[in-house]
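Remarks on the structure that follows.
In the text below, chain A, chain B and the rest are named by the order of the sequence lines, each starting its count at 1.
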Amino acid sequence: MILHEDADDALQNTFVNAWRSIGEFRNDSSLYTWLYTIATNEALTLINKRKKNSTVSFDDLGSHFSDSIEGSTWFDGDAAQVKLQNAILKLPEKQRIVFNMKYYDDITYEDMSVILNTSVGALKASYHHAVKKIEQTISGN
Amino acid sequence: MKKIENIPDKNPFKIPEGYFEEVNNRIIGATSGKIPDKRKPAIYHRLRPFLIAAASVTGFVLLSYTAIRLVNSHRNSNQTAGITAEDYYSPVFSDLDIFSIEENAASVAVPSQGPDVSKAEIIDYLVLDNIEINEIFEQL
């Protein structure tokens, strides 16, 4: 999530939904993984809503977010981090999720596999492709 | 090609001051601070022990009934195992003679539309026609 308002909505929805469905938590995974799964689903729901309600294409939406990064009050990165964020925005959705989980949150592939319901091998491949694309984008700029 | 390892992996986004206290209050407000009711299990899960017990009892009764039927039929077949049909019916037919047949025939109704012939005459006729006494008895 790039915009603070979106992240705020996703966070609130995550904890409200977790509160409502705490009876369904079965200790099959850790509480952290369970909460992360709800948060990921909430974030994706918000992103899809934004895509649906937007009159511009998703590529243009990417550039809109890209502009939002630099002008955002809540962005605290340097020029290199702006470049990195812009490169991440250009990734396909699945690769972007995997990259953010691994790079910023250092989530293990095993936990990621539970959260995204994807095999570890596919996640490793996604991360590898994401890193290559980001490096190409950064070096091209 | 620039390696991303050169870029710090610290999340570059920051949060407003006092954000978590504020979001905490909002979440408590949204949930009204109530502990959610434990979801009632589905009716199948609640009735499951009773269904299993009922199925077990039904299965036991059916098995017992089948076993009893099998044992009884086996026992009956053992009791009649050494007896031939001839042995079985001989006590009945050995006591038969022409007079007892005529006696039995007296109680049998003869169709009124037939010719006016007495039963004794019919029996005499059949005996003279070399019909077995046993067969006559069966017909009557």
Side-chain angles (χ1 to χ4, degrees), chain A residues 1-26 65 68-70 72-88 91 99-106 127-128 130-141, chain B residues 1-70:
Chain A
M1 309 238 93
I2 297 298
L3 301 176
H4 171 72
E5 293 72 25
D6 287 347
D8 184 39
D9 284 347
L11 179 72
Q12 181 172 328
N13 292 346
T14 298
F15 280 101
V16 169
N17 281 339
W19 180 262
R20 285 180 184 150
S21 15
I22 191 71
E24 291 169 20
F25 178 62
R26 292 275 177 270
F65 284 139
S68 302
I69 291 170
E70 288 178 81
S72 172
T73 319
W74 312 115
F75 186 74
D76 195 23
D78 56 17
Q81 283 171 322
V82 171
K83 275 187 177 182
L84 176 59
Q85 286 301 318
N86 286 333
I88 292 169
L91 292 173
F99 181 83
N100 280 328
M101 283 182 167
K102 189 75 191 157
Y103 195 73
Y104 288 117
D105 292 343
D106 202 22
Y127 184 73
H128 176 76
V131 170
K132 288 283 165 209
K133 281 182 192 171
I134 287 168
E135 285 177 346
Q136 280 169 5
T137 307
I138 291 172
S139 61
N141 283 341
Chain B
M1 193 183 288
K2 190 173 181 181
K3 293 280 179 188
I4 59 166
E5 282 82 14
N6 300 330
I7 303 169
D9 60 1
K10 179 184 161 285
N11 197 317
F13 292 94
K14 59 181 182 181
I15 51 160
E17 204 170 321
Y19 172 73
F20 284 113
E21 286 78 16
E22 188 254 333
V23 81
N24 182 44
N25 291 335
R26 265 192 290 137
I27 290 167
I28 288 173
T31 56
S32 309
K34 288 176 188 167
I35 296 171
D37 290 337
K38 274 193 174 179
R39 288 192 174 196
K40 286 181 180 176
I43 192 158
Y44 169 74
H45 288 290
R46 279 186 284 157
L47 292 178
R48 203 174 163 194
F50 301 106
L51 289 172
I52 290 170
S56 305
V57 169
T58 308
F60 177 75
V61 168
L62 279 173
L63 278 174
S64 306
Y65 178 74
T66 311
I68 290 166
R69 286 284 304 269
L70 280 172

Name each donor-acceptor pair under 3.5 Å that joins a side chain in residues 55-68 of chain B to protein atoms two or more places apart or in another chain, with its distance.
from, atom 1, to, atom 2, distance (Å)
B/Ser56, OG, B/Ile52, O, 2.8
B/Thr58, OG1, B/Ala54, O, 2.7
B/Ser64, OG, B/Phe60, O, 2.7
B/Tyr65, OH, B/Arg69, NH1, 3.1
B/Thr66, OG1, B/Leu62, O, 2.7

Minimum heavy-atom distance between [X] and [Y], given as atom pair plus value:
| X | Y | value |
| --- | --- | --- |
| A/Gln12 | B/Ala30 | NE2-CB, 4.3 Å |
| B/Lys10 | A/Tyr104 | O-CE2, 3.7 Å |
| A/Leu11 | B/Tyr19 | CD2-OH, 3.4 Å |
| A/Trp19 | B/Thr31 | CD1-CG2, 3.2 Å |
| A/Tyr103 | B/Ile7 | OH-O, 2.6 Å |

Item checked: CD on A/Gln85 to CG on B/Asn11, rounded to 0.5 Å -> 7.5 Å

Next item on the list: Heavy-atom pairs under 4.5 Å with chain B are the metric here; pick the option from A/Asp76, A/Asp106, A/Leu84 that has the most.
Entry: A/Asp76

Check: Side chain, backbone, both or neither: which part of A/Asp105 has a non-hydrogen atom closer than 4.5 Å to chain B?
Finding: neither

